[in-house]
Amino acid sequence: MTISIAHLGPPGTYAEQVTAFYANWLAKKTGNQAMLCPYSSISQSLQAVASGETQLAVVPVENSIEGSVTMTMDTLWQLDSLRVQLALVMPIAHALISCASSLDTIQTVYSHPQALAQCQGWLAQFLPNVQLVASNSTTESLQRLDGDLTAAAIASSRAAELYKLPILASNINDYPDNCTRFWVVSQWVEDLVKISGSASYTSLAFSVPANLPGTLLKPLQVFAGLGINLSRIESRPTKRSLGEYLFFIDLEADVQEEQMRCALAKLTEHTEILKIFGSYKILPITIGS
Ligand SMILES: O=C(O)C(=O)Cc1ccccc1
């Protein structure tokens, strides 16, 4: 069987690198081959799975420096039918790629907003007067270079190699321990890859019934009372009215565990809409593997 996997493209993005690692891991574990399908945004990658165009999508969720990838959270909330199968954590090292021979001629730097944000200190120090332009992905920004000596892009050294473009500066991220967590997402009906043993994390999101004292405390007390540890909590605007939020939570427990089943049952009493994104394990990625 060939499994189709959507990811942020064009080829050479960090998302594609993680997808290629996952495809390799999948082939070894299940014997199934994968077909990588690039999409021009994270939202389109998730919509591809939701509509059945692809069986899986690999999307960035959270960065150790910049925090959550809001496009992923917002789209997951909007698309009801998606389930997280696995998390992959990859170290990220950015390079400044340009046809220019020195930093002096550069006037514009293009990249994905996460990459621009992860290099903001370096950019302020070495290119303080340039214009920063957001693109859909790191490799989409490479299309802007094309012999232009005033343009540079931030992407991986792997992407520079792939498109045969020169690297002007390496390891330009502000913190060396720059890691991004990606999720492998499927439809709820799919159980493409069974991983034995219990999952380490459960992710969910909820809206709350009213903006009153203790409205967030009550759902959180459910987890505290049952001894379930939170590993992440994030809020996002509901987009209904100013000051109304959705809460995204990662928990260190499997949905199959008795405590978690009990917690989820109680949680419905204190939430308005509750969406469970699933239970999953984490696979660390070492570059070069
Ligand atoms: O644009 C890419 O290459 C992506 O995969 C998104 C991204 C950008 C920066 C860090 C991690 C993921």
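Not measured: the values here are computed from a predicted model. Numbering of ligands and ligand atoms starts at 1, following listing order.
- Geometrically, ligand 1 and S137 share no nitrogen or oxygen pair separated by less than 3.5 Å.
- Protein heavy atom in closest approach to atom 5 (O) of ligand 1: A15 N, 2.9 Å.
- With contacts defined as side-chain heavy-atom distances shorter than 4.5 Å, the pair P38/H7 qualifies.
- Screening residues 130-157 for salt bridge (Lys or Arg N to Asp or Glu O under 4.0 Å) gives no qualifying pairs among residues at least two apart or on separate chains.
- Counting protein heavy atoms only, atom 6 (C) of ligand 1 is closest to L8 CD2, 3.8 Å.
- Within the 4.5 Å cutoff, side-chain heavy atoms of Y201 are placed close to those of I282.
- Scanning the protein heavy atoms around atom 9 (C) of ligand 1, the nearest turns out to be Q114 CB, 3.8 Å.
- Ion pairing of K281 with E252 is absent here, as no side-chain N (NZ or NE/NH1/NH2) approaches a carboxylate O to less than 4.0 Å.
- Ranking the protein heavy atoms by distance from atom 8 (C) of ligand 1 puts H112 ND1, 3.7 Å first.
- Protein heavy atom closest to atom 11 (C) of ligand 1, with residue, atom name and distance, is T180 OG1, 3.7 Å.
- Within the 4.5 Å cutoff, the side chain of R158 has no heavy atoms near those of the T13 side chain.
- In this structure, of E66, R181, Q118, Q17, the residue bringing a heavy atom nearest to atom 10 (C) of ligand 1 is Q118.
- Shortest contact from atom 1 (O) of ligand 1 to any protein heavy atom: T138 N, 2.8 Å.
- Applying the side chain to side chain contact (heavy atoms under 4.5 Å, CB included) rule to K239 yields the partners D74, Q78, R236; only residues at least two apart in sequence or on another chain are considered.
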